[in-house]
Amino acid sequence: MSAMILETIRSDYLAHLSYILIHKGKAAVIDPRRDCQAYIDLARQHGASISHIFETHRNEDYVTGSRELARRTGAQIMHGKGFPFDFGAPVSEGDWFDIGDLRLTVLETPGHTFDSISLVLRDMSSGEDPVAVFTGDALFIGDVGRTDFYPDRREEVAGLLYDSIFGKLLPLGDHVILYPAHGAGSVCGSGMAQREFSTLGFERRHNPALQLGREAFVRRKAGERHEYPPYFRKMEEINAQGSDAPLCEIREPKPLGAEEFAKLVANGGAQVVDVRSPEAIAGAFVPGSLAIPEQLVSGYAGYLLDYGQPIYLVAETQEEMQSARAQLLRMGYDRVEGWLAGGLTGWETAGRQYDSIPAVNVRELVRRIQADEDFTLLDVRKQEEVEAGMLPGARHIFLGDLPNRLTEIPRDKPVTTFCGSGQRAVIAASILKRHGFERVEDNLGSMAACRSYGCPIVEPATSGKPDKQEAA
């Protein structure tokens, strides 16, 4: 007897979860990513061919891999009806598809988007009771999907999501295993649990959003305000058509020596992105480059990079470069054309000019605050982080908004950038340096260091004086 296989494919940093089901020589993939070789390898490993591909909803945070995977396997693509896809076939409530003895049945579960579907898994060799459900972005572990993509219909879509969860998903049974399309760290929700396994019964009892009645649920969801990176619209555009550029036709980034790299930078029109660690970037970086540490590329490239210009990377190793490039490809940035071979060491030993960002220790930062020194402490964290407390006198501008709000920052005094741990702070510092701010520092460690050291914390609505101090 052939084993029934269910594998989760995780895309780091995007917190995207996709799945492959395999039985009796057939395989189905749910919510594939663009770089789809992993699914093909798993199917081949188990002697199966991929026959079906399912998209649980249109996606805003990454390029879907349906068309790429279909090109390479000949599989059928299935999706919901509420979005004008230019490819695949729409499915309806109750449609079912067999993968060996495994059956996937469609539930229409709108709310996060109008086209959202969930897929109920049954093992037909054991009966018709549901075993698991793939919920896309309707229901997460510890949260539910965001419903702010239709700002003029907030209450309506929030109500649709409530009805989808309470009217269709939870009635499947407490024993049913939950497989969502995202985990903790995704921009498609907040408050998700760190684990990637749960049941509908556990969520019904413990998921905070599921403890609310319909009216309170709708009110809460309609009042939410999530970040909306500019690249989301680009993802909607690409995903409506499916990516037209096969990955095999996208050239690998070319390794460039310091002289060739310098000429490209000098000619303009190129985006130089340094993906090394914050500490390395602070020590020395190519003048004019944008710092985005490798683990934050998925989170912030979509706010800060232009799709129309080529991208050149600065990395410590080839592995670091390839990780950053993979993240960019998943977001539709196909023009990663080169990288600085040898990293900053090669740049420095070629005698090229480099810049640096002085790092401010948390103790020095507290001393300055207590001495009431004249400097700008720029806090670039998200709104919900700031609402939990900030340092006295800090100016808050969310990192994604910073390029459009530079006029709010005085140029006649030092600027010290600040975030949760120092990684976003170095991004902010590099943005300021690129725009001509001369006295720029970053606080490595930032709020995490403050919580270890015991900085004064104030509520964001206060005047900036630490009259409501607490040990962080």
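What's counted below: heavy atoms across the whole structure, side chains too, no hydrogens, waters or symmetry copies.
Of the possible donor and acceptor atoms, none in the side chain of Glu68 sits under 3.5 Å from a partner among the backbone N and O of Gly65. Not one N or O on the side chain of Gln241 forms a donor-acceptor pair closer than 3.5 Å with the backbone of Asp86. Under the 3.5 Å distance criterion, the side-chain polar atoms of Lys81 are left unmatched by any main-chain donor or acceptor of Ser92. Between the side chain of Tyr300 and the main chain of Gly400, no donor-acceptor pair closer than 3.5 Å is present. Asp137 contributes no side-chain N or O that, together with a main-chain N or O of Gly145, makes up a donor-acceptor pair within less than 3.5 Å. Looking at His23, its side chain does come within 3.5 Å of a backbone N or O of Ser2 through a donor-acceptor pair. Not one N or O on the side chain of Thr135 forms a donor-acceptor pair closer than 3.5 Å with the backbone of Ala138. For the pair Ser298 (side chain) and Gln327 (backbone), a donor-acceptor distance under 3.5 Å is absent. Side chain of Ser164 to main chain of Leu160: a donor-acceptor pair is present (N/O by atom type, distance under 3.5 Å, no hydrogens or angles). For the pair Asp31 (side chain) and Glu55 (backbone), a donor-acceptor distance under 3.5 Å is absent.
Under 4.0 Å is where a charged nitrogen must lie from a carboxylate oxygen, and between Asp163 and Arg214 at least one such pair does. No salt bridge links Glu320 with Arg276; every basic N to acidic carboxylate O contact stays at or beyond 4.0 Å. A salt bridge links Lys24 with Asp101: at least one charged nitrogen is closer than 4.0 Å to a carboxylate oxygen. The pair Arg146-Glu60 does not count as a salt bridge, with every side-chain nitrogen at least 4.0 angstrom from each carboxylate oxygen. Comment: Arg233 does not engage Glu237 in a salt bridge, judged by the lack of any side-chain N to carboxylate O separation of less than 4.0 angstrom. Under a 4.0 Å N-O distance rule, the pair Lys26/Asp98 does not qualify as a salt bridge. Note on Glu128 versus Arg103: no salt bridge recorded, every NZ/NE/NH1/NH2 to OD/OE distance being 4.0 Å or above.
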Next item on the list: Just do the side-chain contact (heavy atoms from CB on, under 4.5 Å) check on Leu178 and Phe140 with the steps written out, would you?
Entry: CA-CA 8 Å; Leu178 170 63; Phe140 296 127; over 6 Å; no
Notebook entry, point to check: Where do Val176 and Val131 land on the side-chain contact (heavy atoms from CB on, under 4.5 Å) test, with the steps shown first?
Noted result: CA-CA 5 Å; Val176 171; Val131 174; over 6 Å; no
Check: Can you list the steps and then say if Leu210 with Leu170 is a side-chain contact (heavy atoms from CB on, under 4.5 Å)?
Finding: CA-CA 10 Å; Leu210 304 190; Leu170 295 183; 4.3 Å; yes
Next item on the list: Let me see the working for Leu305 and Leu328 under side-chain contact (heavy atoms from CB on, under 4.5 Å), right down to the final yes or no.
Entry: CA-CA 10 Å; Leu305 296 181; Leu328 291 167; 3.9 Å; yes
Notebook entry, point to check: Would Asp61 and His182 count as a side-chain hydrogen bond (donor to acceptor under 3.5 Å, both in side chains) if you check the C-alpha gap in whole Å, the side-chain angles of each, and the deciding distance to 0.1 Å?
Noted result: CA-CA 11 Å; Asp61 58 325; His182 286 97; 2.8 Å; yes
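Ala291 approaches Ile427 most closely through the heavy-atom pair O-CG1, 3.1 Å. Taking every heavy atom of both residues into account, Gly111 and Thr147 meet most closely at O-CG2, 3.6 Å. Across Leu17 and Pro180, no two heavy atoms sit closer than the pair CB-O, 3.6 Å. Across every non-hydrogen atom of Leu329 and Arg34, the tightest pair is O-NH1, 2.8 Å. The minimum heavy-atom distance linking Tyr62 with Met235 is given by the pair C-SD, 3.6 Å. Contact between Gly183 and Met192 at its shortest, heavy atoms only, is O-SD, 3.1 Å.
A distance of 8.5 Å separates CG in Leu119 from OG1 in Thr109, rounded to the nearest 0.5 Å. Atoms CD and CG, from Glu337 and Leu256 in turn, are 10.0 Å apart once rounded to the nearest 0.5 Å. To the nearest 0.5 Å, the span separating CG on Leu104 from CZ on Phe54 amounts to 5.0 Å. Note that CZ of Arg225 and CG of Asp148 are 8.0 Å apart. Values are rounded to the nearest 0.5 Å. In this structure, the separation between CZ on Phe134 and CD1 on Ile177 is 9.0 Å, given to the nearest 0.5 Å. Between atom CD of residue Gln211 and atom NE2 of residue His206 there is a gap of 8.5 Å, rounded to the nearest 0.5 Å.
Using bins of under 30°, 30° to 60° and over 60° for the plane-to-plane angle, the ring pair Phe166/Tyr162 lands in the parallel bin. By the 30° and 60° cut-offs, the orientation of the rings of Tyr228 relative to Phe232 is perpendicular.
Side-chain contact check for Val458 versus Met390: some heavy-atom pair is nearer than 4.5 Å. Counting heavy atoms from C-beta on, the side chains of Ile281 and Ser430 never come closer than 4.5 Å. In this structure, Phe83 and His57 have side chains that are not in contact, with every pair of non-hydrogen atoms separated by 4.5 Å or more. Counting heavy atoms from C-beta on, the side chains of Val314 and Phe261 come closer than 4.5 Å. Using a 4.5 Å cut-off on side-chain heavy atoms (C-beta onward), Thr199 and Asp174 make no contact. Between Val120 and Leu107 there is a side-chain heavy-atom pair separated by less than 4.5 Å. The shortest distance between side-chain heavy atoms of Ile311 and Arg335 does not fall below 4.5 Å. The side-chain heavy atoms of Ser118 and Lys168, taken from C-beta on, include no pair separated by under 4.5 Å.
With sequence neighbours excluded, the residues that form a side-chain hydrogen bond (donor to acceptor under 3.5 Å, both in side chains) with Ser198 are Glu203. Here Tyr333 pairs with Tyr307 under the ring-ring contact (aromatic ring centres under 6.0 Å, His included) rule; sequence neighbours left out.
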Enumerate donor-acceptor pairs with a distance under 3.5 Å from any side-chain N or O in residues 39-48 to protein atoms, sequence neighbours excluded.
residue	atom	partner	partner atom	Å
Tyr39	OH	Ser18	OG	2.6
Tyr39	OH	Arg33	N	2.9
Asp41	OD1	Gln37	NE2	2.7
Asp41	OD1	Arg44	NH1	3.4

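Checked against the 6.0 Å centroid criterion, the rings of Phe114 and Tyr150 qualify as a close aromatic pair. Between His112 and Phe149, a ring centre-to-centre spacing shorter than 6.0 Å is recorded.
Counting heavy atoms of neighbouring residues, nucleotides and ligands inside a 6.0 Å radius, atom CZ of Arg251 does not exceed 12 of them.
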